[in-house]
Amino acid sequence: MARYLLAPTSTTTAASSYALLPKDASKNTPPSWTLRLRASGSRCSKARPVMAVASEQAAPAARYPKIAAPTTGPIPAAELLGVIEAAAKAGADVIMEAVNKPRNIQYKGVADLVTDTDKLSESVILEVVTKNFKDHLILGEEGGLIGDSLSEYLWCIDPLGLAPHSAPASDLLNNFSVSIGVLYRGKPAASAVVEQSLLVTGFGYEHDDAWTTNINLFKEFTDISRGVRRLGSAAADMSHVGLGITEAYWEYRLKPWDMAAGVLIVEEAGGVVTRMDGGEFTVFDRSVLVSNGVVHGQLLDRIGPATEELKKKGIDFSLWFKPDKLRVEAPVYYPIARPRWKLCACKNVLQETTLRDAEVNSHGHGGRRKPRKEGAYIDKDGVARTFDRKKISRKRGGGMRSRGWKYGSGFVDGVFPVLSPMAQDILEFVQKGTDVAKIWESLDQIPPAHDLWDDIVNVTVQLRLNRKWEPIITVCEWILYRSSFRPDIICYNLLIDAYGQKRELSKAESIYMALLEAHCVPTEDTYALLLRAYCISGQLHRAEGVISEMQENGIPPSATVYNAYLDGLLKARCTEKAVEVYQRMKKERCRTNTETYTLMINVYGKAKQPMSSLKVFNQMKSIGCKPNICTYTALVNAFAREGLCEKAEEVFEEMQQAGHEPDVYAYNALMEAYSRAGFPQGASEIFTLMEHMGCEPDRASYNILVDAYGRAGLHQDAEAAFQELKQQGMRPTMKSHMLLLSAHARSGNVSRCEEVMAQLHKAGLRPDTFALNAMLNAYGRAGRLDDMERLLAAMERDGGGGGAPDVGTYNVLVNVYGRAGYLDRMEAAFHAVAARGLAADVVTWTSRIGAYARKKEYARCLEIFEEMVDAGCYPDAGTAKVLLAACSDERQVEQVTAIVRSMHKDAKTLFTL
């Protein structure tokens, strides 16, 4: 599986086209890949690179052999590209300085010419190359072959490529290119090509100020680009920009029929479309500027001021034409000047600051100003409107902003609202504030206008993305109980979600009742969020009540509602109920979607049934439902939990073949597979690959690496990974410390474990049950049973706190006492599980059997095995292993073998698909 690097985009004097090759392709198998050119830059004098991306997509069967090198050799691709870029920049600088200057032209042959610029460009390129790679061989068009002939690298340099007829002409350097190619062992490994921009414009029939301004722009851009053309058709001009033939096009005084087709072609091709003053464009506007996106800002720097001058002269730039009742989603050209609102966090109030200092000083910062009864604004059609401030509200049951912000289509995930400067100030203020009363007092100063309402809604959605539940409650309750705004459905939904996440069900229910009393119609998002809140809190019967209420009101639960139900059950680890809901969903013929199948793959994966997850995945594809990257990651995770590396790798590769670029979650899942399988080096290689591919590891990546080394007994490597996590500026979490504790516990290094516990306390973290269980295991392995029992007593005194004993705690005790031969203590620890209201799992039972297996008490092992099966706990491979260890003759081995075979034949699986 070949890996490819993508060169970072950077500013150069002239644009470059880079071709990158596989970094770690197999030496025996040539990589299968296709090269796609993406015109993300231009060729102007201040351009950014145009990238050539080596795609992992499988290429069709090659008719002709590949000429590219399979690797960049011992020099990293990034380093090689950096030098190429610097050399190209230096050569292009020389050429641009030579434009419009006298030149000395000579002939190398009958029609092969050379200028002083050629020689100077090549000399500065050579200087950059030899400074970085003294031992490389270089072949220049003007200087010939120089350098070490034994080098594996050969640089091929054309310092100034020209058409044969260009040198004698006046536009000698207006059609140039700089070409640099690097060969590794005779095959191309990396390259860059530089040339100038080609621009297009048009002129109307009226020779007025706009025509004169465009003539001046034509002259100005002709001097600094490869040229400016006029073809006569706006649609053709814009199509050429979309195709990458030209870099930009602009024109005044166009009509809708001139632009409607072309602007869409440019935008769909990845370009940018604006008015010539940089404003948002509609086809009814009187000016247009389209480009490949990279040169857009540079063009606006020159075109924008010229357009503003035309406005000052009274040139009409209003909408040229718009049919009656047609709504145009674009701002007007001349917005009415209004006060700017600035958040003054230091005084915990909002103050109004206008453009006039006198008005700024006249406003007080204290009490809340009484809003005026009437206000004015300009609508999207440019018409002046008035409104009653007290009646500003969203539409009942939904609003402009809340449409589309749904649980199933982005309400919870995937929405990234664009915050205005005012909204950003409110967000920072609310996040820093702790006194609700002062925050409310400050929010009281916000004027009740539509745009400020939209800012507040954007702030609450951003808080939801940041999972800041308290600030959400503060802002939404201010809207609900104190502001002059009428709450929208999204406000109620956010409150239900926030209280549900905090497991405050009574408050979530009271918000739902308030919603009904306000005659606001609940949406499917409302029911979905209620369902999830009940599931997270373990109130499954009340969750069923929500479904019943929907059905009684004639609202059939949709996939959005059922998906929220499954998500809540998954988080609550109610896997059997999740399967039941999934079956009901199919029985009611509710249309399942990608999210449904992804959730079910996770359900079976967490239940340690990866093959059932695979069946769901195959069923999903069989009905034409397309998996997304989350689906593939869930399936990788399902196999990872069981340590099935090969299956996880197959899914990972299938994900890449489907065109999905692996993200940090996918890499982490694959790392987890190697970790669980006991191959820490494999997890380390995936970690390195992730960095190599430009995917930045997160805290979970380092935690998995610590766990992988810890499981393999490599506590020093685990320690190194933990320290690297801190060096990267990440703060270790409780889980990070717990995994490090487990690693040192397995090695019996109790003193280091105690140091880690001290670090926990110093960092202000209270050890949870998992961390304390790791410490118990460390004491047990070191034979310090007194310390282990003292720690257990402290955990039991904690009661319902974060460090209360769980079944894992007693599993450690049963295992430690069993290994030490203290069967009475082991039995006491086993029975303490039921006494504390816990259920013994397969590890508990297997550890108990193992204690007697060490003493070869075969009959007692069989008795415990029967108790285990009667208790509804199904044995695993570890149970069979300890049973075989208890055997002392061949007859007993045959008996255990028969039991194990019958067990796998007759035992029922936890779920059925």
(request) Locate the shortest heavy-atom distance separating P159 from S121; write the atom from each residue and the value. (result) O-OG, 3.1 Å
(request) Name all residues meeting the ring-ring contact (aromatic ring centres under 6.0 Å, His included) criterion together with Y153; count only those two or more places apart in sequence or in a different chain, and write none if there are none. (result) H136, Y184
(message) I'd like to check the salt bridge (charged side-chain N to carboxylate O under 4.0 Å, His left out) partners of E308; sequence neighbours left out, ordered by chain and number.
(response) K311
(message) Are the side chains of V200 and V241 in contact, using a 4.5 Å heavy-atom criterion?
(response) no
(request) Answer yes or no: is there a side-chain heavy-atom contact under 4.5 Å between N214 and L217? (result) yes
(message) Once rounded to the nearest 0.5 Å, what's the spacing between atom CG of D237 and atom CG of L199?
(response) 11.5 Å
(message) My understanding is that only residues two or more places apart in sequence, or in another chain, count here; which of them pass salt bridge (charged side-chain N to carboxylate O under 4.0 Å, His left out) with E79?
(response) none
(message) Could you report the tightest heavy-atom contact between D209 and I315, atom names first, then the distance?
(response) CB-CD1, 4.2 Å
(request) Applying salt bridge (charged side-chain N to carboxylate O under 4.0 Å, His left out), name anything that partners E220, two or more places apart in sequence or on another chain. (result) R302
(message) Are L198 and H240 packed together at the side-chain level, in the sense that at least one heavy-atom pair is separated by less than 4.5 angstrom?
(response) no
(message) Side chains of F133 and I75, heavy atoms from C-beta outward: is any pair under 4.5 Å?
(response) yes
(message) With heavy-atom distances below 4.5 Å as the criterion, would you say the side chains of Y252 and T213 are in contact?
(response) yes
(request) Identify the heavy atoms of E251 and M276 that sit nearest to each other, and give their distance. (result) O-SD, 3.4 Å
(message) Using the side-chain contact (heavy atoms from CB on, under 4.5 Å) definition, which of the options I138, L183, I146 pairs with W155?
(response) I138
(request) Mind checking salt bridge (charged side-chain N to carboxylate O under 4.0 Å, His left out) for K219 and listing every partner two or more places apart, or none if nothing turns up? (result) none
(message) Does T282 form a side chain to side chain donor-acceptor pair (under 3.5 Å) with D285? I'd like the steps, not just the answer.
(response) CA-CA 6 Å; T282 75; D285 279 306; 3.3 Å; yes
(request) Could I get the full list of ring-ring contact (aromatic ring centres under 6.0 Å, His included) partners for H660, not counting sequence neighbours? (result) Y632
